[in-house]
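Just below is one structure, and these are the notes that go with it.
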Amino acid sequence: LDLKSLDNHGRFAGYASVFNVVDSQRDIILRGAFAQTLRGRTGDIKFLWQHQQEEPIGTFERMLEDRRGLYVEGQLLLNVRRAREAHSLLKAGAINGLSIGYSPVRYTIDSKTGVRRLAEVELWEISLVTFPANAAANVTVVKQREAIPDAHDGRQWDAARRTGQLIELASTLDYAIGVLRD
């Protein structure tokens with residue numbers, strides 16, 4: 001967990017899935033696996049507590065594939081009891097895992113290793129969890145809503161870096177570089 005800032009608004013950012021990592025379920029999510037879901041159903045993806053469909057804890061504001069994986073930004077709904085608890089656990093560093101619930105659409109299974117390579121999945125939900133199947137999938141920052149400060153003021157820029165406000169800029173830059181290289 002790279003916890004840079006924690007405020008009372010409950011905003012967070014992180015990777016719900018990281019590409020090309022064999023998870024504890026012996027699955028590998030490949031780049032592009034979420035493309036179809038992201039084209040048509042992003043607003044339908046639920047944010048849950050520990051994969052419990054009866055415990056929604058927030059909403060997603062942004063979801064995109066970049067070179068690393070499925071990047072998400074969202075909002076814990078702090079008027080929901082479980083979301084307040086989740087916020088406290090994030091703040092304390094007790095949890096930070098993200099995990100996805102999906103249906104496989106296109107995949108192959110390696111006959112020697114048994115590893116399933118998922119080329120396309122239908123994403124249904126993303127959960128804040130204690131133990132993610134993909135150990136690289138986690139909340140990287142819980143942040144403030146203020147805009148990124150003026151880059152010409154070194155003190156403001158350093159403060160933004162320390163508080164995590166630069167994550168949006170960095171992820172946008174990574175995405176743009178990926179698009180230009182492809």
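By the 4.5 Å heavy-atom criterion applied to side chains, Arg82 and Gln52 are not counted as neighbours. Residues Glu55 and Leu48 are not in side-chain contact: their nearest non-hydrogen atoms beyond the backbone lie 4.5 Å or more apart. Between Arg68 and Tyr15 there is a side-chain heavy-atom pair separated by less than 4.5 Å. Inter-residue side-chain proximity for Val121 and Val105 is flagged as unmet; no heavy-atom pair is nearer than 4.5 Å. Side-chain contact check for His87 versus Leu89: every heavy-atom pair is 4.5 Å or farther apart. Counting heavy atoms from C-beta on, the side chains of Val129 and Trp49 never come closer than 4.5 Å. Residues Leu76 and Leu90 have side chains in contact (heavy-atom distance under 4.5 Å, counting atoms from C-beta outward).
In terms of heavy-atom proximity, Gly101 sits nearest to His51 at N-CE1, 4.2 Å. The two residues Pro104 and Leu118 make their nearest non-hydrogen contact at CB-CD2, 3.6 Å. Between Lys112 and Asp110, the closest heavy-atom pair is N-OD1, 2.8 Å. When all heavy atoms are compared, the tightest approach of Tyr102 to Leu123 is CB-CA, 4.1 Å. Taking all atoms of both residues into account, the shortest heavy-atom contact from Ala83 to Ile57 is CB-O, 3.3 Å. Minimum interatomic distance between Ala86 and Leu128 (heavy atoms only, all atoms of both residues): CB-CD2, 3.7 Å.
A donor and an acceptor atom, one from each side chain of Trp124 and Ser103, are located under 3.5 Å apart. Residues His9 and Gln75 bring no donor and acceptor atom of their side chains to less than 3.5 Å of each other.
The number of heavy-atom neighbours closer than 6.0 Å to CZ of Arg117, taken from other residues, nucleotides and ligands shown, is 12 or below. Gln53 CD: 12 or fewer foreign heavy atoms inside a 6.0 Å radius.
With hydrogens and angles disregarded, no donor-acceptor distance shorter than 3.5 Å links the side chain of Glu125 to the backbone of Pro56. Listed for the Asp23 side chain is a donor-acceptor partner under 3.5 Å among the backbone atoms of Asp27. At distances below 3.5 Å, at least one donor-acceptor pair connects side-chain atoms of Arg84 with backbone N or O atoms of Leu78. Checked by atom type and distance alone, the side chain of Ser99 never pairs as donor or acceptor with a backbone atom of Ala16 at under 3.5 Å.
The CD1 atom of Ile45 sits 8.0 Å away from the CZ atom of Phe60 when rounded to the nearest 0.5 Å. Distance check: Met63 CE to Leu38 CG gives 7.0 Å after rounding to the nearest 0.5 Å. In this structure, CD in Glu61 is found 6.0 Å from OG1 in Thr59, a value given to the nearest 0.5 Å. Between the CD1 atom of Ile29 and the CG atom of Leu70 there is a distance of 9.0 Å, given to the nearest 0.5 Å.
Geometrically, Arg116 engages Tyr107 in a cation-pi contact defined by less than 6.0 Å to the ring centre and at most 45° from the axis.
Of the options Glu120, Arg41, Arg106, a side-chain contact (heavy atoms from CB on, under 4.5 Å) to Gln36 is made by Glu120 and by none of the others.
Note on Leu30 and Val22: same hydrophobic cluster, where clusters join Ile, Leu, Val, Met, Phe, Trp and Tyr whose side-chain heavy atoms are under 4.5 Å apart, directly or indirectly.
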From CA spacing to verdict: side-chain contact (heavy atoms from CB on, under 4.5 Å), Thr37, Arg39: CA-CA 5 Å; Thr37 296; Arg39 273 192 210 103; over 6 Å; no
Audit row: Tyr71, Phe34, ring pair (Phe, Tyr, Trp, His ring centres under 6.0 Å) steps and yes/no: CA-CA 11 Å; Tyr71 173 80; Phe34 301 103; over 10 Å; no
